[in-house]
Every structure is written in C-alpha cells, then in structure tokens.
Number of protein chains: 4
Amino acid sequence: MVAKGKRDSESEAQPAGKKRDPERTRLVIIEAAREEFAENGYDGARTDRIATRTGMSKGVLYHYFSSKDDLFVAVLEDIYQELRSQNEALVLAEFEPEAGIRELIAHTYQYFVDHPEFIVLVNSENLMKAQHLERSESIRSMFTPLSRRLSELISRGQEQGIFRSNVDVVELYVSIVGLGYFFLANRWTLGVVFNRDLLGKGAEEVRLQHMTEMVLDYLRNVKSLDGKE
Amino acid sequence: MVAKGKRDSESEAQPAGKKRDPERTRLVIIEAAREEFAENGYDGARTDRIATRTGMSKGVLYHYFSSKDDLFVAVLEDIYQELRSQNEALVLAEFEPEAGIRELIAHTYQYFVDHPEFIVLVNSENLMKAQHLERSESIRSMFTPLSRRLSELISRGQEQGIFRSNVDVVELYVSIVGLGYFFLANRWTLGVVFNRDLLGKGAEEVRLQHMTEMVLDYLRNVKSLDGKE
Amino acid sequence: MVAKGKRDSESEAQPAGKKRDPERTRLVIIEAAREEFAENGYDGARTDRIATRTGMSKGVLYHYFSSKDDLFVAVLEDIYQELRSQNEALVLAEFEPEAGIRELIAHTYQYFVDHPEFIVLVNSENLMKAQHLERSESIRSMFTPLSRRLSELISRGQEQGIFRSNVDVVELYVSIVGLGYFFLANRWTLGVVFNRDLLGKGAEEVRLQHMTEMVLDYLRNVKSLDGKE
Amino acid sequence: MVAKGKRDSESEAQPAGKKRDPERTRLVIIEAAREEFAENGYDGARTDRIATRTGMSKGVLYHYFSSKDDLFVAVLEDIYQELRSQNEALVLAEFEPEAGIRELIAHTYQYFVDHPEFIVLVNSENLMKAQHLERSESIRSMFTPLSRRLSELISRGQEQGIFRSNVDVVELYVSIVGLGYFFLANRWTLGVVFNRDLLGKGAEEVRLQHMTEMVLDYLRNVKSLDGKE
DNA sequence: GATGAATGAGGCTTCATTCAT
DNA sequence: AATGAATGAAGCCTCATTCAT
C-alpha cells in the first residue's frame with residue numbers, strides 16, 4: 001500500500017490499459033478490504049462487498065489471500081506500516097524538545113483524523129485480542145524505533161532542564177495516542193451522553209489543543225520529583 | 001441490571017420459587033446478552049448463544065425484545081446506567097479538590113478494569129455510529145449531572161488557587177476516561193507493537209499512576225494562564 | 001430408519017397432518033441423504049439436493065446434523081443397522097448346515113440387489129478409509145453376532161461330516177459377501193471390458209447360482225485337509 | 001503409461017534435455033492425474049492438485065486434455081491397459097491347469113495389491129455407471145483375449161479330468177478378481193465391523209490362500225456335474 | 001506453447017427471525 | 001407464555017475452466 005507510490009488514487013477498478021498486473025491487483029484488493037473492514041469491522045465486513053469494491057470476481061480474493069482472516073492481517077500490516085512511515089517522516093531530531101512533542105502529537109492526531117479506518121481496524125483487532133497481529137512478523141516491535149527517537153527527544157529536554165525526569169516513554173506515547181484516539185473513536189457515544197456535537201472540525205481542534213497542553217504540562221512539571229506521588 | 005439489587009447472582013435460570021417473574025426474566029436476558037455482546041461484539045454475538053446463556057428458549061428472547069438490535073439497546077442502557085450510578089456513588093463534594101480528582105480517576109478506571117464489557121460494548125456502538133444510543137431516551141445527556149459535579153470540584157480548586165482556570169470540563173472528563181479506556185481497550189495490539197506485556201495487574205497499576213499524574217499536572221499548572229496556548 | 005416400521009413409504013415429504021414431528025423429520029432427512037449419497041457418493045452428493053429431497057429448507061439439515069460428514073455417519077449407521085437386522089431375521093439355527101449357507105448367501109445377495117445404495121455408500125466410505133465409521137460407536141463389531149451364528153452353523157456341518165474343518169469364519173463371510181458385492185458394484189465396467197450385459201435380472205441370477213456353488217464346494221471339500229495347501 | 005517403457009520415472013518435471021516432448025508431457029500428466037484420482041476419487045480430485053503434481057501449469061492440462069472428464073478417461077485407459085498387459089505377460093499355456101489357475105489368481109491379486117489406484121479408479125467409474133469407459137474405444141472387450149486363454153486352460157483341465165465341466169469363464173474370472181478385489185477395496189470398513197486389523201501384509205496373505213483354495217475347490221469338484229444345481 | 005490470473009457458478013454452513021404446537 | 005423446529009437469505013470459500021499476456 002505504502003509502497004509504490006500508487007496510493008491516493010483510491011478504488012480505481014483497473015485503470016487505463018486494463019492489462020493484468022498481479023502486484024497492482026493485490027493492492028487493489030487490500031485497498032478495497034481496508035475500506036470494507038473500516039466501515040464495518042471484521043465481523044461486519046463482507047467478502048462479497050470487498051469483491052464488488054475491487055470490481056473483480058470473488059474468487060480473486062482467494063487467489064491472493066487464503067481467507068478473510070488472512071486478508072485482514074494484510075490490511076493491518078498495511079495500515080500499521082503506513083502509520084509508522086508517517087511517523088518516520090517526522091524527523092524529531094530537527095526540533096527543540098517541546099516543539100518536537102507538539103509535532104509528534106499533532107502528526108499522530110492528524111493521521112487518525114485523516115485515516116478513521118485505523119481506529120476501526122485496531123478496535124476490531126483488539127476485540128479479537130490481537131490474534132491476527134500475533135501472526136504477523138512484520139508488525140512485532142514495529143514501534144521500537146519510534147520509542148527510541150522519542151526517548152532521545154525527552155532526554156534532550158531533560159538535559160535542558162525543561163522536562164521532568166522519570167518518564168516512561170511507552171506510557172507517554174500511549175497517552176499521546178490515547179488522548180486523541182479515544183476521542184476520535186468514541187465521538188458518537190460521547191456526543192450522545194454529553195449532548196454535544198463532537199463530530200465537526202471545531203471539536204477536533206479543541207481536542208488537539210487540550211491534549212497538547214495536557215501532555216506538555218505533564219512533561220514540563222520539573223518539580224513533581226520531590227512530590228509525594 | 002443495576003436496579004433492584006438483584007445483580008451478582010448471575011445467569012441463574014429461574015431460581016427457587018419458579019414463579020413467573022417477567023421483570024426478572026428481562027434482567028436475566030440482559031445479563032446473558034451483555035456477556036455475549038461483550039465477548040464478541042455486536043456482529044460477532046449470536047442470538048442462539050444468548051438464549052443458551054439464559055437457559056431459556058430463543059422464543060423468550062423475542063418475546064421480551066423485538067430484535068437483536070433492540071436487545072443491544074437494552075444492554076447499552078443497562079451498562080451506562082451502571083457506570084453512572086457507580087459515579088454517583090462517589091460523592092465528590094466530600095473531598096478536597098485534588099483528592100476528588102484522584103478519586104474520580106481511580107474509580108472510573110477501576111470500573112473499566114472490573115467491567116471489560118463496557119469497552120467492547122461501547123466500541124461496538126461507536127463502530128455503528130451510536131445508532132442504538134440515539135434511539136435511547138434514557139441515555140441522552142446522561143452525564144450532565146456528573147459534568148456539573150466535576151465542575152464544582154474544579155471551581156473549588158480554582159478558588160483555592162491550586163487549579164488552573166480555563167478548564168473545559170467535558171474535555172477534561174474525556175481525557176480522564178480516555179487515558180485509561182484507550183490503554184485497557186488496546187492492550188493487545190499495543191502489547192504486540194511495543195513488545196511489552198500489558199495484560200497483567202502490574203501494567204494496570206503503572207498506567208493508573210501515570211495517568212493520575214498527567215491529569216493532576218495539567219490541573220495544577222497555574223501559570224499556564226498567561227501563556228498563549 | 002429401521003426403527004418405527006415407518007420404512008417402505010419412501011421420500012414422502014411430510015404426509016397428512018403436516019404437524020411437526022422431529023423424530024419423523026430426522027428420518028426423512030436420513031432417507032433423503034441416503035438417496036443422494038447413494039446416487040452420487042460422498043463427494044458427489046450435494047446438501048442442496050438433500051434438502052430439496054426432504055421438501056424442507058437447507059437449514060433444517062443443520063438443525064439435526066452438524067455437517068455433511070455427520071449426516072453421512074448417520075446414513076451409514078442406518079444402513080448397516082438395516083443389513084444387520086435383515087441378517088438377524090434369518091434364523092440360521094433352523095436350517096440344516098448346507099441349507100443354512102444357501103439361505104445366508106441368498107439373503108445377503110438379495111439385500112445388495114434390493115439396496116444398491118449400500119454398495120455406493122460403503123465404497124465411498126472405503127475411499128475415505130472408513131473415517132466416518134471409526135467415529136461411530138454403534139457400528140464397531142456390529143457383525144460379531146453374525147460371526148458367531150455362522151460359526152455354529154459351520155460346526156454343525158463339521159460334526160455331521162459334510163463340511164471341511166479349518167474354516168476361518170471371517171474369511172468365509174468376506175467371500176460370501178464379496179462374490180456378490182463385487183459383481184453388483186462393478187457391473188458397469190465389467191460389462192464393458194467383457195462386452196456382456198450384466199445389468200439385468202438374468203445376469204443377477206446366474207451370478208447367485210455360480211457363487212453359491214463355489215462357496216458350497218469349498219465347504220464340502222472334506223478331503224482338502226490332507227492336501228498340501 | 002505402460003507403453004514406451006517410460007514408466008518408473010515418476011513425476012519428474014521435464015528432466016535433463018528440457019526439450020519439448022509432447023508424448024512425455026502427456027504421460028507425466030496422466031501419471032499425476034492417476035495419483036490424484038486414486039487418492040480422492042473422481043469427485044474428490046482437484047485439477048489444481050493435478051497440475052501441481054506435474055510441476056506444470058494448469059493451462060498445460062487443458063492443452064492436452066479438454067476436461068477433467070477427458071483426463072479421467074485417459075487415466076482409466078492407461079490403467080486398464082496396464083492390467084491387461086500384466087495379464088498377457090503371464091503365459092497360461094505354459095502351465096499345468098491347476099498351476100495356471102494358481103498363477104492367474106496370484107498375479108491378479110498381486111496387481112491389485114501393488115496398484116491400489118486401480119480399485120479406487122474402477123469404483124469411481126462404476127459409481128458413474130461407466131460413462132467414461134463407454135466413451136473409450138480401446139477398452140471395449142479388452143478382456144476377451146484373456147477369456148479365451150482362460151477358457152483354454154479350463155478345457156485342458158477338463159480333458160485331464162481334473163476340472164469340472166460346466167464352467168462359465170466370465171463368471172469364474174469375476175470370482176477370481178472379486179474375491180481379492182472386494183477384500184482389498186473394503187478392508188477399512190470390514191476391519192471396523194469385524195473388529196479385525198485387515199490392513200497388514202499378514203491379512204493379505206491369509207486372504208490369498210483362502211481364495212485360492214475356494215476357486216480350486218470349485219474347479220476340482222468333478223462330481224457336481226450330476227447334481228441339479 | 002505456456003503461464004497463472006481471473007471468472008462465476010455453486011459448495012457447505014450460519015443465523016436472525018418466525019411460527020406451529 | 002414458552003418451546004424449538006423451520007425458514008431463507010446470506011456468508012465464506014472452492015473449483016473447473018477460460019483467457020490475457
């Protein structure tokens with residue numbers, strides 16, 4: 001998906017030449033599956049609809065993937081790969097510590113805003129206790145590099161005396177992701193129980209600002225060390 | 001479910017007296033449905049299995065609820081009711097501001113830990129864009145009271161000069177919930193991509209401490225007022 | 001199948017009253033499956049056609065049997081049961097030894113003539129190395145009683161000095177069955193390679209006479225003991 | 001298959017020279033198909049697996065044979081040819097009558113033991129009422145020569161006064177084949193219903209001895225002439 | 001000639017829901 | 001009220017065959 005730079009042009013059903021192109025077909029299938037899984041979750045997705053989206057016959061799916069499960073794994077690998085490469089494009093080393101954190105938060109959040117599929121896919125996968133992810137070699141420890149880069153950023157901040165010590169990088173990253181992800185994933189129910197419209201652009205921006213402040217306040221709090229907690 | 005104090009006694013198939021008790025039957029069905037939906041999500045849940053769990057026949061389900069959808073609404077209402085009444089049991093007015101926040105965070109988190117069903121059910125409902133919740137009168141604005149009470153707590157903190165001003169209570173509550181919910185909901189995939197075991201009691205406690213610190217640091221940051229953000 | 005005396009009336013699709021009768025439905029399904037498997041073998045049989053034969057919907061099959069395999073097991077159990085009870089109806093003890101053998105041969109042969117399904121079903125099962133039969137408790141050692149009765153008959157013949165000694169009853173029974181079964185099962189190919197019409201009543205009777213002679217000659221040959229073989 | 005002496009070298013995917021050899025390719029395909037049909041029967045066989053076995057692409061199959069049916073015919077012709085030439089290699093004229101019969105029984109039986117495919121293929125074909133064989137010119141009356149040679153042997157025995165008169169050669173040959181074929185084909189189910197292990201070498205030899213005795217006793221029974229049967 | 005991608009009909013099985021009893 | 005048999009529309013997947021390259 002991420003490879004080949006063929007992305008963007010979504011759901012085109014065999015363009016131009018119409019010639020056979022297995023590589024491309026594979027991508028078209030993953031793309032179609034991604035949409036279908038994203039709109040309906042794993043259990044709600046229908047292989048028939050995936051086929052329809054590709055513009056090809058149902059049998060083709062099974063020519064490329066051995067099962068719905070297998071296809072779901074491929075979609076997960078694809079989308080995680082995409083998130084990671086999006087992350088990697090952000091060179092944290094170029095920023096001052098605080099600006100780096102801001103960028104990381106904003107980029108990550110923006111990815112979720114632009115790719116609501118990610119949330120549905122990952123929720124689906126957690127419902128199934130990550131049984132597909134566990135089968136995927138390429139996803140294991142995928143974010144270790146990011147951890148390291150984030151770690152370096154934090155260290156620089158600590159050396160400059162502007163960031164607290166005692167930061168668990170994974171916990172921090174989970175918070176950075178979670179503050180945005182939870183909001184975006186649960187906008188619909190939250191909107192009902194709080195009787196607020198959380199679906200628009202405005203709500204999204206309010207959220208980003210709030211969560212950025214929260215994370216930075218946490219990191220900046222130099223004195224918390226001598227506190228009792 | 002939460003009502004009547006009949007909880008705890010799970011899945012008993014009409015005890016002792018054997019007399020027909022429609023109210024009770026209704027609760028038994030909701031209980032069974034809750035388990036089934038929680039383990040499999042909406043699409044993964046099976047009406048047959050729900051019937052089996054109740055120990056009654058499938059016809060009974062349809063006598064009490066007109067469809068799977070209808071049953072799902074009932075389950076959602078039940079579990080939201082439960083969370084709310086759990087929240088209400090915590091009298092925030094009795095606590096000093098900071099302690100009140102701590103209590104709220106801990107109680108809320110503990111509820112999710114004790115009721116993993118909540119997460120699956122709510123995720124399922126968001127996948128379907130809250131179409132069931134919208135049909136439910138009883139859930140609309142359900143958390144407005146909590147907002148008010150939280151608001152009061154914050155105000156007291158602000159009056160005492162220990163909490164920042166400029167706090168959006170809904171955003172704050174979303175963060176309080178989200179920091180724990182996201183972690184608990186996504187433990188499986190997070191565990192794989194970070195290659196960490198996040199499933200145990202230990203990881204749960206580390207999380208609680210981290211998120212408590214984060215929220216409190218945010219609230220305590222008195223100087224952020226003069227910042228531009 | 002064999003039970004209830006409801007046999008004979010084949011393939012009736014819910015007679016008279018049309019009332020629900022699970023016992024009867026089960027039998028109707030087995031009956032339909034038996035026909036379908038008999039005409040097409042296991043792999044050639046279609047669950048759709050079985051359903052059509054029952055006059056009910058396809059789902060019913062799965063209400064009574066968990067899979068095509070499971071249904072096949074039921075059919076095998078039914079037909080073996082039938083052969084056995086047919087055998088048991090023949091009281092060998094009432095006959096003189098030679099007449100008893102003649103009766104056994106004729107009855108067994110007649111069963112195959114009347115129930116060509118048996119042959120197809122058993123051939124199918126052997127193609128699959130009896131994997132279904134092995135799962136069936138009721139079929140294990142089903143013919144041990146017959147072995148015993150045949151044994152007694154042989155013994156009487158030996159005491160009267162008209163039957164040879166040294167008879168392996170199972171080998172004998174395999175021959176009695178095989179001489180007829182093989183012919184009936186392979187009539188079509190045999191007819192082609194020998195350019196003979198083996199399909200009619202005439203050929204069936206010629207076969208019976210030939211095989212009866214062969215078996216009896218084998219049993220009567222008192223002197224073979226002192227032979228070298 | 002049997003032709004050309006190219007047998008033995010199984011399933012090699014175009015060896016050494018690599019030059020195109022249509023004759024050889026045809027044989028390779030038939031060989032592969034034979035294995036596949038033998039292991040799974042006609043309906044259970046898969047054209048994909050046949051292609052895989054040949055090491056060539058599926059298109060090649062359809063280049064040489066117009067359909068699965070067509071391929072099955074070719075396999076049948078091949079294997080019948082093989083049995084016939086195996087038979088022809090046995091020069092019955094060289095033996096004394098009784099020894100000739102023994103040889104014929106043993107050779108035929110051994111062929112089935114060595115070629116379990118034959119049994120599955122022929123059973124499959126009979127399930128389909130020999131519809132393929134009927135299309136094959138080369139198989140019609142294929143065993144007429146053998147009948148003649150067997151006839152001569154019997155005649156010699158009759159002239160020597162050691163064999164009965166009144167022998168129907170085809171019936172006799174059907175018995176000779178059937179006594180072994182039935183046992184070998186139905187070992188699995190027979191083993192279950194008689195609770196005996198019939199799969200080993202031992203059981204095979206016991207069977208051969210039993211059936212040889214039976215056939216010879218039948219032929220030797222000189223007195224049966226005056227009987228009425 | 002050769003490949004294997006693509007087709008489409010159809011195979012087995014499931015499932016929410018209805019309905020006879 | 002209650003049961004669970006029955007329905008029928010789908011769901012996932014397979015497979016002989018065709019066809020673009």
Side-chain angles (χ1 to χ4, degrees), chain A residues 14 17-26 29 43-51 54-71, chain B residues 14 20 22 25 43-52 54 56-71, chain C residues 14 17-26 29 43-51 54-71, chain D residues 14 20 22 25 43-52 54 56-71:
Chain A
Q14 230 85 330
K18 202 82 165 156
K19 30 189 139 181
R20 290 191 179 182
D21 180 350
E23 284 270 342
R24 155 153 234 94
T25 301
R26 216 188 115 88
I29 292 170
D43 281 315
R46 297 290 169 254
T47 55
D48 270 49
R49 284 198 299 250
I50 295 174
T54 64
M56 286 175 288
S57 81
K58 220 183 332 174
V60 179
L61 301 191
Y62 291 89
H63 190 64
Y64 286 84
F65 301 94
S66 64
S67 64
K68 189 184 178 183
D69 262 40
D70 196 31
L71 187 47
Chain B
Q14 234 81 332
R20 289 178 186 169
T25 302
D43 282 312
R46 298 291 168 251
T47 54
D48 268 48
R49 284 197 298 250
I50 294 173
T52 302
T54 63
M56 287 176 286
S57 80
K58 230 180 329 168
V60 178
L61 255 61
Y62 283 87
H63 184 69
Y64 284 83
F65 300 94
S66 66
S67 66
K68 188 183 179 184
D69 261 38
D70 196 32
L71 188 45
Chain C
Q14 230 82 330
K18 204 74 164 160
K19 30 190 141 179
R20 290 190 177 181
D21 179 351
E23 284 268 343
R24 153 153 236 96
T25 300
R26 217 189 116 88
I29 292 171
D43 281 316
R46 296 292 168 253
T47 54
D48 269 48
R49 286 198 297 251
I50 295 175
T54 64
M56 285 174 288
S57 82
K58 222 182 333 170
V60 179
L61 301 191
Y62 290 88
H63 189 67
Y64 286 84
F65 301 94
S66 64
S67 65
K68 188 183 178 184
D69 262 40
D70 196 31
L71 186 46
Chain D
Q14 234 79 331
R20 290 179 184 166
T25 302
D43 282 313
R46 297 291 168 253
T47 55
D48 267 51
R49 284 198 297 250
I50 294 174
T52 303
T54 64
M56 287 174 288
S57 80
K58 228 178 333 167
V60 178
L61 256 62
Y62 283 88
H63 183 68
Y64 283 84
F65 301 93
S66 66
S67 66
K68 188 183 178 183
D69 262 39
D70 196 31
L71 187 46

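Below, chains carry the letters A, B, ... as their sequence lines are ordered, and counting in each starts from 1. Note that the coordinates shown come from a computational prediction; the quantities given were computed from them, not determined experimentally.
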Residue-phosphate contact under 4.0 Å: C:Thr47 side-chain N/O, E:dG11 OP1/OP2: no
N/O (side chain, C:Thr25) to phosphate O (OP1/OP2, F:dA6) under 4.0 Å: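 Yes, within the criterion.
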d([atom1], [X]; [atom2], [N]) in whole Å:
X: B:Ile50; N: E:dA16; atom1: CD1; atom2: P; value: 8 Å
X: C:Leu71; N: E:dT13; atom1: CG; atom2: P; value: 10 Å
X: B:Asp43; N: E:dT14; atom1: CG; atom2: C1'; value: 14 Å
X: B:Arg46; N: E:dT13; atom1: CZ; atom2: C1'; value: 12 Å
X: B:Asp48; N: E:dA16; atom1: CG; atom2: P; value: 7 Å
X: A:Asp21; N: E:dA5; atom1: CG; atom2: P; value: 11 Å
X: C:Glu23; N: F:dA5; atom1: CD; atom2: P; value: 11 Å
X: C:Leu61; N: E:dG11; atom1: CG; atom2: P; value: 14 Å

Touch class at under 4.0 angstrom, heavy-atom based, for A:Ala51 against every strand present: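 No contact.
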Contacts table for residues 57-66 of chain C: side-chain donor-acceptor under 3.5 angstrom, sequence neighbours left out:
unit_1, atom_1, unit_2, atom_2, d
C:Lys58, NZ, C:Asp48, OD1, 3.0
C:Ser66, OG, C:Asp70, OD2, 3.4

Minimum heavy-atom distance A:Asp43-A:Lys68, with the two atoms named: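 Nearest pair, atom of A:Asp43 first, then A:Lys68: O-NZ, 3.9 Å.
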Atom pair CD1 (A:Ile50) and OG1 (A:Thr54), whose distance is rounded to the nearest 0.5 Å: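 Those atoms lie 9.0 Å apart.
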5' precedence on DNA chain F between C:Pro22 and A:Tyr62 (nearest-nucleotide basis): C:Pro22
Between the protein and nucleotides 7-9 of chain E, are there any N/O to N/O pairs under 3.5 Å, and if so, what are the atom names and distances?
unit_1, atom_1, unit_2, atom_2, d
E:dT7, OP2, A:Ser57, N, 2.9

Position toward the 5' end of DNA chain E (nearest nucleotide), A:Tyr64 or C:Asp69: A:Tyr64
Base-paired stems that DNA chain E participates in, counting runs of 3 or more Watson-Crick or G-U pairs under 3.5 Å: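 Consecutive-pair runs (3 or more) involving DNA chain E: E:2-21 with F:2-21.
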